[in-house]
Number of protein chains: 2
Amino acid sequence: MSSAVEELDRHIVELLVADGRMSYTDLGKATGLSTSAVHQRVRRLEQRGVIRGYAAVIDPEAVGLSLTAFISVKPFDPSAPDDIADRLADVPEIEACHSVAGDENYILKVRVATPIELEHLLGRIRSLAGVSTRTTVVLSTAYEARPPRI
Amino acid sequence: MSSAVEELDRHIVELLVADGRMSYTDLGKATGLSTSAVHQRVRRLEQRGVIRGYAAVIDPEAVGLSLTAFISVKPFDPSAPDDIADRLADVPEIEACHSVAGDENYILKVRVATPIELEHLLGRIRSLAGVSTRTTVVLSTAYEARPPRI
DNA sequence: CATGAAAAAGGACGGGA
DNA sequence: TCCCGTCCTTTTTCATG
């Protein structure tokens, strides 16, 4: 299998990660291709799942989510079947859920408005998923969601 | 000052987070506004910094970044001035850098292709920033960058 | 992959509640 | 102030070579 994304496609992806609304015309100019050629490639990248979609990048503070935290969780009963991710799937405050190697089983990234909300959220997570939690509060974010070097 | 984002704006932001390329026409239909009214609001949201920009969401594996890890770092010399974030700013593998409360000072999220690359990256981080590291490797990601409930 | 034409969307201006 | 309609321009989309 060659999941290889060739040079030109990488360039296109890189440009679209930096500006998801760049027009195909401009993409063409930047890559030296015609508009329709770029369009074709983008559609194939979307179909192949390389490009999953497009999203507006928002300032969490501006929408009232000024508290970010990482929560590491570990099941109370280590022998129970692991359906933690499923149990937490409908908690909207959880932005990311990673299964990890190490002391704990999962790392969650959450965003809430206030410390009290964080307290409530922790309670909900504990009871929903049957886990103990270890919380690391984010003080400031130098950068996040930085475009990967492709 | 009211950083308040009112109801209608929240709806628009929510829609654009879910689909950053949605047309103003469709946004208008979804919100009951005219195309130009939506357009005006979006531009104001962009100017106010609520919407920071737009990005293509890509599958990291598809571009050869199949190993994700969280690295907690702590300075060797706790009395040294904290310029860790600056020192690490030009390391492209670091996708996010959060200053945190807790045992360690920063949490980094990194993406690389292979375990060997992770090893090299850890060495670079240690020497660049003068820190010790604790690394948590991601085994699988149930979800990440999930749209926040606004 | 390029060209060219039809359809759609973007962007700017003036008017009205 | 906020929203709407209309203009013209640009972009998208699709057919064809």
Legend entry - Member of B:Glu117, B:Glu144, B:Glu61 meeting the salt bridge (Lys or Arg N to Asp or Glu O under 4.0 Å) criterion with B:Arg111: B:Glu144

Inset, instruction - Describe the nucleic acid contact of A:Ser23 in one word from base, sugar-phosphate, nothing, applying a heavy-atom distance below 4.0 Å. - result: sugar-phosphate

Legend entry - Integer-rounded Å distance: C:dT3 P and A:Leu33 CG: 12 Å

Inset, instruction - Look at A:Arg21 and D:dT12 and indicate whether a side-chain polar atom (N or O) is within less than 4.0 Å of OP1 or OP2. - result: no

Inset, instruction - Return no unless some side-chain N or O of A:His39 is found under 4.0 Å from OP1 or OP2 of D:dT13. - result: yes

Legend entry - Minimum-distance nucleotide (side-chain atoms of A:Thr35 versus C:dC1, D:dT13, D:dC4): D:dT13

Inset, instruction - State which of D:dC14, D:dT11, C:dC1 makes the closest approach to the side chain of A:Ser36. - result: D:dC14

Legend entry - Side-chain donor or acceptor of A:Ser72 paired with backbone N/O of A:Ile107 under 3.5 Å: no

Legend entry - Main-chain N/O of B:Lys74 paired with B:Arg134 side-chain donor or acceptor, under 3.5 Å: no

Inset, instruction - Measure from NZ on A:Lys29 to C1' on D:dT12 and round the result to the nearest Å. - result: 14 Å

Inset, instruction - Could you check which of C:dA12, D:dC14, D:dT12 has an atom nearest any side-chain atom of A:Arg43? - result: D:dC14

Legend entry - Carboxylate-amine/guanidinium contact A:Glu46 B:Arg21, below 4.0 Å: no

Inset, instruction - Send over the distance from A:Gln40 CD to C:dT3 P, rounded to a whole Å. - result: 14 Å

Inset, instruction - Would you indicate which nucleotide in D:dC14, C:dC1, C:dG10 comes nearest to any side-chain atom of B:Thr25? - result: C:dG10

Inset, instruction - Kindly point out which of C:dC1, C:dA2, D:dC3 is positioned nearest to the side chain of A:Leu8? - result: C:dC1

Legend entry - Interatomic distance where CG belongs to B:Asp26 and C1' belongs to C:dA8 [whole Å]: 11 Å

Legend entry - B:Arg41, nearest nucleotide to its side chain (from D:dC4, D:dC2, C:dG10): D:dC2

Inset, instruction - Side chain of B:Arg44 only, please: which of D:dC4, D:dC2, C:dC1 is the nearest? - result: D:dC2

Legend entry - Whole angstrom value for the distance that separates C1' of D:dT13 from OH of A:Tyr24: 10 Å

Inset, instruction - Determine whether A:Asp19 and A:Asp26 make a side-chain contact, defined as any pair of heavy atoms from C-beta on separated by less than 4.5 Å. - result: no

